[in-house]
Amino acid sequence: MVLGSRRPAGPLVPVRAGGSPLPDTVARGEAEVGGRAAGERLGHRAERTVTGQVQVADGDVRRENSGPATPATGLSSAEAARLLQVDGPNAAAAPPRRHLVTRIAHQLTDPLVALLLAAAVVTTLLRDYPDTAVILLVVVVNTAIGVVQEVRADRAIAALDQLAAPTARVVRDGRDAVLPAAELVRGDLVRVEAGDVVPADLLLHDASRLHLDESALTGESVPVSRAADEEASAGTVVTTGRAVGTVVRTGASSALGRIATLAAATRPAATPLQRRLASLGRLLGLAAVALSALVFAVGVLSGRSLVEMAVTAVSLVVAAVPESLPAVVTLALALGARRMAAARAIPRRLHAVETLGSVTVIASDKTGTLTEGRMAVQQAVTGDGARFGVTGSGYAPDGTVHRDGAAVAVSDELRQLARAGLLCNDATLAPPTEQRPRWGAVGDPLEAALVTFAARCGLEPQTTRHAWPRVAEHPFDQQLRRMTTVHRSCDRRYLVVCKGAPESVLTAPLLDASDDELAALTAAAHRLAGDGLRVLAVAAALAEHPPADPAHPEGLRPVGLVAVGDPLRAGAPDIADGFAAAGVRLVLVTGDHPATAAAIAGQLGLWTEGDPVVRGDDGDPASAPAGARVFARTQPEQKLDIIAGLQARGHVVAMTGDGVNDAPALRRADIGVAMGGGTEVARQAADLVLVDDDLSTVATAIGEGRRIYDNIRRFLRYALSGGVAEIAVMLLGPLFGLPVPLLPAQILWINLLTHGVPGVALGAEPAEPGTLGRVPRSPQESVLGAGLGRQILVGGALIAAVTLGAGVLAAHWDRPWQTVIFMVLGLAQLGVALAVRAPRPAGQRWGNLALPLAVAVSALLQVAGVLLPPLRDLLGTEALGVAELLACAVVSVLPGLVLRLTRRRPAADVGLPWRRGVNQADCAAEEEM
Ligand SMILES: Nc1ncnc2c1ncn2[C@@H]1O[C@H](COP(=O)(O)OP(=O)(O)OP(=O)(O)O)[C@@H](O)[C@H]1O
């Protein structure tokens, strides 16, 4: 879906006269009767009855507005609270909360658990009660761990939903307030403006140039205009203008609610990693079943009873497959998401948490993301070529104009330039308040800078605007990159003013100027842009008649250039360095002039003389050179092409955006990043919302994403090494004269102690030092890739080797070898859990304490299985002496020790340059350049 331009071009738009933003009584009963009734917009035929109710053709009768007309002060909080009780929240019916019983039933329907329950039935029939007891214990503990993790994950996700919930600007108790959209009630007075998603069905009272993108409801993406007394439906997007309206329907009865597509209603789909792990789980399950069948066959052939071997085989399947994997992954993702939110980067979908770790390119817009978005006119060049400097603080109207370092009086030419910039302008300035001690911008900051400039040139903005009433306009249009307004002069003529990008304004037939004049102004504009300033050219003319098409005025005379500065955010160069060190390439995508873009990119260390600057107005940015890091003069739609081009080269792309028409690009990017201060529609389209508009939090989020992925692989390495070892011991044991190395109850006991709590604790391991200094992993890489498969086999082989070795020696010395195998196999796995932990972060004494604690408790229980008589009876173990126990402990340490000593040092600390982060194809292409 491509939304229209931020302020879509239209034909000659007559300007509404006056129109206070908030009429005295906005829900005017009589006025509405003649207007279009609610429901009509949605294709329902609607008639208004004498009682003020709306009769909708589908038979639905509802009161449009309860009680008396809403006064300009909006509802009182008490009345709103009462209505909220009556109608419920303004949200799609929340997915029903899963009852505990449902959660337990869900755990019990897992195929592995079903297998265990079947085995329990068999052992009960055989009166093998100890085995039955152990099997049931495993089922109970695993179910409990599964349910607890699911609840924790759901809670973390629900908390995130709250943080990223849509908001609405509403008038309550006579004051403007920003509330969660879910708290809106019928009768609430709501304000909407460009970039907002209409939060509920509104009956409009005052609409100024309001255009709505209704594609969410109708599929039609061309914005439609809506005026007072018409309805704005929930879920539509304001592309231009602003309006005030009264809520007439909320939640499920609103337009969006009725077609049941409110985003909140959908349960999050499984993430790609979860899906990949689910299929890996199925594969492992099949492998475990096949190998257990082999163990079963070997056992039966060597004379063991069919039933005993069947129960052994089932236990082995259960023990070898990491059944807690889905729970570990979901919890790791959900807790990671919570941690990101605490770092002020709110993931709106779980998949963002895992995808962030493999981001290779972050494409950022300039204004407000890398720069502060606080603009000020710094230089001005008048039509006669005179150049002025302007100083002052922020948007404050006072300041000075100087030339060659000395304060000068404002010339007529400069005043004309300032006046033109003030008239062709929709912004105003907000004086300081108690909460905000500085002057602020209302509307486009660039235009607000022009208002300040006019004031510094001695003009009184309101008086000037009043003296030159606007009669027609062509709003700023990102395609044309200019804006035109037409004003009535006091002598009944028309002043036509056009301001915009120099290449859009300094061109015939719009401009009537000599080639020399044009060349001089274009060169001046280029020089100013080269200083990193955003340059606007201004042209104007007095005419007898308004232009036939204000989008394309003709015959204007150049009035001058204004060059607007927007300081780099403090720390922006460090952000660029940080991404570079993380192997993530920062790319600047802007609608600004190539010289401005290059200058800013130069200050960020992204660009040096000779590097390419790709121009969006000069061809297809998707076919840009592979190493390009600056895209200028791009249209929002071209962001899609840039993303597609990068993705085709194998990059995982994060894209920032905050405007109305950035939404498609935010959806298309692997990670759409919206600014907390941006538009609602951008926030809702994004995967990640940066609360403080601070791009550096993306780096933190990338680090978190990598940590989570590392921990999932850590868990896999630990759990699968154990599974491999168990199967190897059962298969190879008979070859070493150990007929049935482990009894079913023993296998399940080991499974219980090793998988459950230590597994979950591994998910909480801290990030390895230098996680952010690593090359991002390839998204195509298998979960078991990058050597993990080999590490699992090595780990499994080591555990199996020491276990079988200890068993063989015990058998040789005529000691209870089966118990020795039980002991060593369990303890060695726990040793591996400690060996695969992340290196302790610098300055932290203990790291993740949960893991050693979980391992210690599990080790004690394992020893108890041999020492305590009741457990011995249950598990079929025999007593071991202290020396034997110590020997078992020493042997069990070996696999972990070997793994620890041979651990590769993290590739970190070396601060990889970003170039190493791009894939091979890119490197080759860059070398060719
Ligand atoms: N209000 C305006 N009136 C006239 N011209 C404008 C206005 N705003 C921007 N321009 C011109 O259009 C060009 C593109 O601006 P636009 O706002 O589309 O860029 P952008 O992609 O949002 O930039 P950024 O990456 O800096 O956020 C600007 O360089 C400027 O020359």
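All heavy atoms count here, side chains included; hydrogens, waters and symmetry mates do not. Both ligands and their constituent atoms are indexed starting at 1 by order of listing.
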The residue among V237, D213, T239 that forms side chain to side chain contact (heavy atoms under 4.5 Å, CB included) with V681 is V237
- Measuring from the heavy atoms of T371, does anything fall under 4.0 Å of ligand 1? no
Do T697 and D694 pair up side chain to side chain, a donor and an acceptor below 3.5 Å, judged on atom types alone?
no
The atoms of ligand 1 lying under 4.0 Å from a heavy atom of D592, numbered in the order shown, are 29 (O)
When you compare ligand 1 with D365, is there at least one nitrogen or oxygen pair between them that comes in under 3.5 angstrom? no
Discussion item. Is there a polar contact between ligand 1 and T367, counting only N or O atoms under 3.5 Å apart?
Written reply: yes
Note to self: Are H552 and H474, when compared by the centres of their aromatic rings, separated by less than 6.0 Å?
What the structure shows: no
Within 4.0 Å of some non-hydrogen atom of V535, the atoms of ligand 1 are 31 (O)
Atoms of ligand 1 under 4.0 Å from any heavy atom of T590, numbered from 1 in the order shown, are 21 (O), 23 (O), 24 (P), 25 (O), 26 (O)
Do any nitrogen or oxygen atoms of G591 lie less than 3.5 angstrom from nitrogen or oxygen atoms of ligand 1?
-> yes
Evaluate side-chain hydrogen bond (donor to acceptor under 3.5 Å, both in side chains) for Q647 paired with R668, printing each intermediate quantity in order. CA-CA 10 Å; Q647 285 173 335; R668 172 68 201 255; 3.1 Å; yes
Okay, side chain of E447, backbone of D444: is any donor-acceptor separation there less than 3.5 Å? no
Does the N or O separation between T634 and ligand 1 drop below 3.5 Å for any pair?
no
inquiry  = Closer than 3.5 angstrom, by distance alone: can the side chain of R557 be matched with the main-chain N or O of D512 as a donor-acceptor pair?
reply    = yes
Donor-acceptor side-chain pairing of T382 and D384 below 3.5 angstrom:
yes
Working for side-chain hydrogen bond (donor to acceptor under 3.5 Å, both in side chains), residues T360 and H651:
CA-CA 6 Å; T360 57; H651 282 291; 2.8 Å; yes
Within 4.0 Å of some non-hydrogen atom of G500, the atoms of ligand 1 are 4 (C), 5 (N)
- Message: Test your reading of the structure: does E447 have an N or O sitting under 3.5 Å from an N or O of ligand 1?
- Response: yes
One finds that the ligand 1 atoms under 4.0 Å from a non-hydrogen atom of A501 are 31 (O)
Should T596 be listed as contacting ligand 1, given a heavy-atom distance under 4.0 Å as the test?
no
Open item on the list: Between R226 and E214 (salt bridge meaning N to carboxylate O under 4.0 Å), is one present in this structure?
Closed with: yes
Any heavy atom of V589 under 4.0 Å from ligand 1? The part involved is backbone
Exercise for review: Using atom types as modelled and distance alone, determine if a side-chain donor or acceptor of S489 lies under 3.5 Å from a backbone N or O of R493.
Suggested key: yes
Atom 19 (O) of ligand 1: of K366, R534, Q635, H593, the nearest heavy atom sits on R534
Note: ligand 1 atoms sitting under 4.0 Å from heavy atoms of D444 are 1 (N)
